[in-house]
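First up is the structure itself, then whatever we jot down about it.
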Amino acid sequence: MPDLSQIGLRKVWNACFESMAITNERGDVLDMNRSAMRLFSLSSVFAAPISIFELIADMSLQKYFKPDKEATGIPVSFGTQELVANVLPTQTQSGSLYYLIILKNITQQQKLKYQLQDLHDTKLLYDAVLDEVDQGLSVINHEGKILFYNRKMGEIELKEPSAVKGKRIFEVWPGLTEETSTLLASMKLSKVLNHRETHFTNTGKAVTTLTRTSPLLVGGKKLATIQVLKDISEQKQLAETISHLQNQKPQDDGEPAMSGAANHTRFEFKDIVFVSRDMRQTVEQARRAARSSSNVLIIGETGTGKELFAQSLHNESPRKKEPFIAQNCAALPESLLEGLLFGTSPGSFTGAIDRQGLFEQADGGTLLLDEINSMGLNLQAKLLRVLQEKKSQRLGSAKVVDVDVRIIATMNEDPLEAIRNGHLREDLYYRLSVVNITIPPLRKRKEDIPALIESFIAKHATALGVTVDEIDPDVYQYLLQFNWPGNVRQLEHVIEGCLNLMYDERAITFEHLPHSFKDNMLQNLASSGELAATMSSVPFSLGGTLEEQVALLERNLIMKALKESNGNITRAGEKLGLSRQNLNYKLKKYNLQQ
């Protein structure tokens, strides 16, 4: 064999991290470096010839000993360790054949690979667990990049989690700024921020959320910010119902009937704001129905003002000096609702007391059953019996009392559809719908929007201590064209929200709108056919995602405003309805610094 010491490679040979051995054709080990000695736990001197195939019991290695072919990346097992072997044939000038065996220990790398896989699987498991949490969760890092966004948050904010993760929050919500983002503010201020708001889904459902935003500290460093968003719509509704019931003083038998404002109502027909022909006909129909004691079914989408009509019916009726009691049938479980409607007696259930039900409390007056289609079918059958016999019986009692109550029921879906879907008994529907009043949604009577806006500004401006002289024309036009899935209630919330954000301004502008409305308004502008006329001097082409197009549109509008203002940021901001600070941020964002 060649003498390595004669060619000066002995130090290099022993300094290599890889384990190396030289064998003859039979596999007898002729030399090893120190790394191989440590691997096989051998001394520096061989007491007897050792075969590489004895040291490595993996017989698959032997088939790679071929005089004319190198073999690399051979997986070899050595005890509990995992190796990769290279077999290199070498022939000397004298014709002797030797094999250089290079062994690399990859046990640690394999362990790291398995650990990384375990970490990845654990992360996926945690993501799946957090997706099942009934609270919205989102996490961003210090750059504003969304690290986590669970399914519940997507349901509440109407975003697809897979389309949100990995993006910066300004890409997902183009109308957001560093000043208005609670996630960034929490990280910057190093404090917990709590926020509560009510918004409306595309179906018009009012959603009230409670948000807690907190910086995440790891080793004393602020690495991220987490936002926990809880949907408290049901709790809010339940709390309002319980508060309403607690404020109702139970009547003892023989207690005098209420009169005037004591009947728990606030609205009359004069409080209904409208100019449209459809609403005029609806109000006139309700006025005529108010003269009798027949049951009334009011049908209308969420937020159209069904309870306003119900109270007005009562206050225009001969029963106006008698009690008006309202109960939301969707706010309470069926067992509790049954006790509230019919009353309880001692022994009917644990802790039950002798208490009048709503039918007894409303005797001589009106009982409003809101969202009657949310009541269970079994309870609907008991309600039908009371309506037919005009008698009520408390839970756990054999006593039957006569009741004279006018029922006004409301629904937010088509009655016939509710019957087909098993939400409403057909016989109860015919008993309730002696008079049917259908309130048209706001999108079908948009001529009422200006009057409603004026009414809501007058209602809330004084209470909030602000003065409103005008509404930006573009914003006003947008409010007139919006479909308002939440109807009149949503419009009032938006106007009240705008007034809350006004300080020393006297006009409602784009900046006062909720974030979702800003995004929608920009998207509408981006897709409007009128945009070409307003941006004839600004390059604009279709292509890319909607978010990219909105960002491009915003950039082009800023460029156009700057051009028209001769580069004056203050005047450009006034044209765009932006503060100087906000416009400066957007100039930096789009690399348009002056």
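Side-chain atoms of Tyr149 and Glu157 form a donor-acceptor pair, as typed in the model, at a separation below 3.5 Å. Donor-acceptor pairing under 3.5 Å is recorded for the side chains of Gln227 and Thr182. Between Thr107 and Asn105, the side chains place a donor N or O and an acceptor N or O closer than 3.5 Å (distance only, hydrogens not considered). Judged by distance alone, the side chains of Asn86 and Glu70 never bring a donor and an acceptor atom under 3.5 Å apart.
Taking all atoms of both residues into account, the shortest heavy-atom contact from Asn487 to Thr302 is ND2-O, 2.8 Å. A pairwise comparison of heavy atoms in Pro161 and Arg151 identifies CG-CA, 4.0 Å as the closest pair. Among all heavy-atom pairs drawn from Leu193 and Ala185, the shortest one is CD1-CB, 3.9 Å. Nearest heavy-atom pair across Ala71 and Tyr64 is CB-CD2, 3.6 Å. When all heavy atoms of Val172 and Ile146 are compared, the closest pair comes out as CG2-CD1, 3.8 Å. Leu30 and Thr23 make their closest contact through CD1-C, 4.1 Å (heavy atoms, listed as atom of the first residue, atom of the second, distance).
Between Arg443 and Glu301, at least one side-chain N (NZ, or NE/NH1/NH2) sits under 4.0 Å from a carboxylate O, which counts as a salt bridge. The existence of a salt bridge linking Arg168 and Glu143 is excluded, since no basic side-chain nitrogen approaches an acidic carboxylate oxygen closer than 4.0 Å. With respect to the salt-bridge test (charged N to carboxylate O, under 4.0 angstrom), the residues Arg420 and Glu417 qualify.
Residue Arg571 qualifies as enclosed at atom CZ: its count of foreign heavy atoms under 6.0 Å is above 12. By the 6.0 Å contact criterion, NZ on Lys165 is enclosed, its count of non-hydrogen atoms from other residues, nucleotides or ligands being greater than 12. Residue Lys446 places its NZ atom among more than 12 non-hydrogen atoms of other residues, nucleotides or ligands, all under 6.0 Å distant.
With hydrogens and angles disregarded, a donor-acceptor distance shorter than 3.5 Å links the side chain of Asn14 to the backbone of Arg34. Between the side chain of Ser35 and the backbone N or O of Phe17 there is at least one donor-acceptor pair closer than 3.5 Å. With Asp414 contributing its side chain and Leu416 its backbone, the two residues share a donor-acceptor pair below 3.5 Å. A distance-only check finds a donor-acceptor pair linking the side chain of Asn150 to the backbone of Leu130 [under 3.5 Å].
The side-chain heavy atoms of Glu505 and His512, taken from C-beta on, include a pair separated by under 4.5 Å. For the pair Asn24 and Leu97, the minimum side-chain heavy-atom distance is 4.5 Å or more. Two residues are said to be in side-chain contact when any heavy atoms from C-beta on lie closer than 4.5 Å; Lys575 and Glu564 meet this criterion. When side chains are defined from C-beta on, Thr225 counts as touching Thr213, because their heavy atoms get closer than 4.5 Å. Considering only heavy atoms from C-beta on, Leu229 comes within 4.5 Å of Ile156 through its side chain. Taking 4.5 Å as the limit, every side-chain heavy atom of Val29 sits out of range of all side-chain heavy atoms of Ser51. At least one side-chain heavy atom of Met20 sits under 4.5 Å from a side-chain heavy atom of Trp13. Taking the side chain as every heavy atom from C-beta outward, Glu371 and Asn412 approach each other to under 4.5 Å.
The aromatic ring centroids of Phe78 and Phe40 lie less than 6.0 Å from each other.
Aromatic ring pairs are classed by plane angle as parallel below 30°, tilted from 30° to 60° and perpendicular above 60°; the pair Phe482 and Trp484 is perpendicular.
With values rounded to the nearest 0.5 angstrom, Cys329 atom SG is found 10.5 Å from Glu334 atom CD. With values rounded to the nearest 0.5 angstrom, Lys518 atom NZ is found 10.0 Å from Glu554 atom CD. To the nearest 0.5 angstrom, Leu61 atom CG is 6.0 Å from Ile101 atom CD1. Taking CD from Glu511 and CG from Asp472, the interatomic distance works out to 11.0 Å, rounded to the nearest 0.5 Å. With rounding to the nearest 0.5 angstrom, the CD atom of Glu496 is 11.5 Å from the CG atom of Leu491. Separating the CG atom in Asn328 from the CE atom in Met375 is a distance of 10.0 Å, to the nearest 0.5 Å.
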_Residue pair Met187, His142: steps toward the side-chain contact (heavy atoms from CB on, under 4.5 Å) verdict_ = CA-CA 7 Å; Met187 178 174 290; His142 63 282; 3.7 Å; yes

*Go through the steps to decide whether Leu184 and Ile169 satisfy the test side-chain contact (heavy atoms from CB on, under 4.5 Å), and finish with yes or no.*
CA-CA 10 Å; Leu184 292 177; Ile169 56 176; 3.8 Å; yes

*In sequence, state the C-alpha distance, the side-chain angles, and the governing distance for Met153 and Val164, and then conclude on side-chain contact (heavy atoms from CB on, under 4.5 Å).*
CA-CA 11 Å; Met153 185 69 85; Val164 169; over 6 Å; no

*Run the side-chain contact (heavy atoms from CB on, under 4.5 Å) check on Thr92 and Tyr98 step by step: do they pass?*
CA-CA 8 Å; Thr92 64; Tyr98 300 96; 3.5 Å; yes

